[in-house]
Chemist: 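Below is the structure I would like to discuss, written out as structure tokens.
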Protein chains: 2
Amino acid sequence: MTKKQLIIDKAIELFAEKGIEATSIQQITEQCGISKGAFYLSFSSKDELVLSIIDHFMRLITADIDQVVRQEKDPQIKLYEFYLTTFQLFEKYAKFAKVLFREQLQSIHDAFIEKINYYDNLTNQATLRLLDELYGERIEDTKYDVLVVMKGFIHIYSQLLFAGKLPFNLQLLSETLVEKTNIIAEQTKLPFLTEEIVQLVRNPAPEELSTSHIIEEIERLTSQVEDPIEIESLSILKEQLQGERISQAILLGLLHNLANNEQCKWLVYLVKQKYTP
Amino acid sequence: MTKKQLIIDKAIELFAEKGIEATSIQQITEQCGISKGAFYLSFSSKDELVLSIIDHFMRLITADIDQVVRQEKDPQIKLYEFYLTTFQLFEKYAKFAKVLFREQLQSIHDAFIEKINYYDNLTNQATLRLLDELYGERIEDTKYDVLVVMKGFIHIYSQLLFAGKLPFNLQLLSETLVEKTNIIAEQTKLPFLTEEIVQLVRNPAPEELSTSHIIEEIERLTSQVEDPIEIESLSILKEQLQGERISQAILLGLLHNLANNEQCKWLVYLVKQKYTP
DNA sequence: TTGACAACTGACTGGTTAGTCATTACTATA
DNA sequence: TATAGTAATGACTAACCAGTCAGTTGTCAA
């Protein structure tokens, strides 16, 4: 484990316990068994640490959820898996999720909200695509309401999950939420949200999806991954993206090689967003 | 306005802007135009200020919502009014509500969560009574889920309210939530929450409802209210509660006299809880 | 063994915090 | 006007904070 990862792990623990604001760098370095100076070799400031943590976890979560929604499957099953994956991710990254819910509207720094909003919007996009597959034109008027209600379900049941000490039956919970979502989507006649939310659910900033940004991510990963297949895949992927014609078959094959490595999930997500239908 | 009230008002503003943790006593006193020492004449610590603020607003909110639910009306109309009142209260005390949502799961101090939970449970009790009126036995299996879903609706739409700069059409929002609530309550077959939540929605601590506690509240108010009718009502109320036989007619009449004064709302709520069916 | 370089340390700076308390200003009664 | 009692002040303490940097330690190659 790199020093950076160690710091992130311990910081998350402390943030979850006491909140970001109330946790000092001192306490984090003590928990890590390193000196204060060593912290500043890995991160230039406390803010950078927090932003790194948000990026780190939100990328994992966003990529996983997107992957579930992109599958070629019965949309009803995907809806179930969407809920289940979401709750499983919250369980897996419980401490981070606690921090997230905790500081939610809270700022300390506008940059934090902005970053969280950015990833939130990405997930909203994926969810809207799923809703379109599920109900299509039938919920044209109410789709934003259905989206928001789904987020409300997730939000409030997550709170219970965190308040109670677990373990909950997440499969059963997801089943009941699928039922509720279908009922709401099929029966709701009155829309509330129309255009206001379009601003809130705005498209993600496009610069993230530039080819050069993706190439950078590949180069970053090249120095981190160890598996030879993955290294070669990254190398070929770079060539493909820089070449003139891109073979979908090769692309998908390469992404498949990389999909199981947590570090590469974000890259896979970015490439799929940009180059696959 | 008392000095205490001035401090509460300005503190709420600053807390809403920057969060509780990030707001110093210094800043609060500067905003009030008083010295640091003067603050400590009104509150013994920052924690006491925060707890006072929570009490102050949660009492107003709890009492108002309880009053809506207690009316003798068509339950469907009460459901609508329940939502509308909730959102109107959030709008009225927007700054406090922001602080509440902001620090939500956050502790800084366990005492804060405990207090918020206490009032949350009171509102849950009122909501469950309303659900019983609305759907009775039909939702015996799913009533806790319906309760939680209602809270999810309120939570997530409130977040939108706070994120967007308002103004939203709260009447329309409440109408759509009535529709959604009815749909969920009448159509949901699969229960998820059963007994776990009974622990979370536990009854409020009973000591709050002791007669002596209510008498104390009357005495506290006697030195604060100015309207002669209200002063006399408090005096007679005290006699009634200390006497052996309590006349329901007199009681209700007195409560009616006091109901319009914001300061007295909590007393009215307490007496109704204890002495009226 | 030596030298070069990177990793690491922790005392230190300048700043902010909650809370205290000797002192002063004000107010009301005699 | 004199006096007693209360309200208010703000300099002060001790603790903590993020971030810095001169100096130490560890490592590896020559």
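In what follows, chains are A, B, ... by sequence order, proteins preceding strands, each numbered from 1.
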Chemist: Heavy atoms under 4.0 Å, any strand shown: does I34(A) hit a base, just sugar-phosphate, or nothing?
Modeler: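 Result for I34(A) = sugar-phosphate.
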Chemist: How is S45(A) classified with respect to the nucleic acid when contacts are heavy atoms under 4.0 Å: base, sugar-phosphate, or nothing?
Modeler: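 Sugar-phosphate, backbone atoms only, no base.
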Chemist: What is the distance, rounded to the nearest whole Å, between atom CD1 of I28(B) and atom C1' of dG19(C)?
Modeler: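 So the two atoms are 13 Å apart, to the nearest Å.
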Chemist: In whole angstroms, how far is the P atom of dA18(C) from the CZ atom of F43(B)?
Modeler: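 Result: 15 Å.
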Chemist: Pairs under 3.5 angstrom only: tabulate donor-acceptor contacts from the side chains of residues 26-39 of chain A to other protein residues two or more places apart or in another chain.
Modeler:
residue: Q27(A); atom: OE1; partner: K18(A); partner atom: NZ; Å: 3.1
residue: Q27(A); atom: OE1; partner: S24(A); partner atom: N; Å: 2.8
residue: Q27(A); atom: OE1; partner: S24(A); partner atom: OG; Å: 3.3
residue: T29(A); atom: OG1; partner: I25(A); partner atom: O; Å: 3.2
residue: T29(A); atom: OG1; partner: Q26(A); partner atom: O; Å: 2.8
residue: S35(A); atom: OG; partner: A38(A); partner atom: N; Å: 3.3

Chemist: Does a salt bridge link K98(B) with E17(B), judged by any charged N lying under 4.0 Å from a carboxylate O?
Modeler: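 Salt bridge absent between K98(B) and E17(B).
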Chemist: The side chain of L41(B) is closest to which nucleotide in this list: dA7(C), dA7(D), dG10(C)?
Modeler: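 Among dA7(C), dA7(D), dG10(C), the one nearest the side chain of L41(B) is dA7(D).
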Chemist: Would you sort out whether E262(A) and K92(A) count as a salt bridge (charged side-chain N to carboxylate O under 4.0 Å, His left out), showing the intermediate values?
Modeler: CA-CA 13 Å; E262(A) 277 219 337; K92(A) 185 172 176 188; 3.0 Å; yes
Chemist: Apply ring-ring contact (aromatic ring centres under 6.0 Å, His included) to the pair W266(B) and F57(B), showing each step before the final yes or no.
Modeler: CA-CA 10 Å; W266(B) 185 245; F57(B) 287 98; over 10 Å; no
Chemist: Is NZ or CZ of K4(B) both nearer than 6.0 Å to the six-membered ring centre of F43(B) and within 45° of the ring axis?
Modeler: yes
Chemist: Do nucleotides 11-17 of chain C as a string where each nucleotide becomes B, S or -: B if the base has a protein heavy atom under 4.0 Å, S if just the sugar-phosphate does, - if no protein is that close.
Modeler: ------S
Chemist: Whole-Å distance between dA18(C) P and L14(B) CG?
Modeler: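 Result: 12 Å.
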Chemist: Look at atom NZ of K95(A) and say whether more than 12 heavy atoms of other residues, nucleotides or ligands are closer to it than 6.0 Å.
Modeler: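 It does not: K95(A) NZ has 12 such atoms or fewer within range.
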Chemist: Between F39(B) (CZ) and dT20(C) (C1'), how many Å, whole number?
Modeler: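 For the pair F39(B) CZ and dT20(C) C1', the rounded distance is 14 Å.
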Chemist: Whole-Å distance between dA18(C) P and I20(B) CD1?
Modeler: 12 Å
Chemist: Please tell me which of the listed nucleotides, dA8(D), dT20(C), dC8(C), lies nearest to the side chain of Y40(B)?
Modeler: dT20(C)
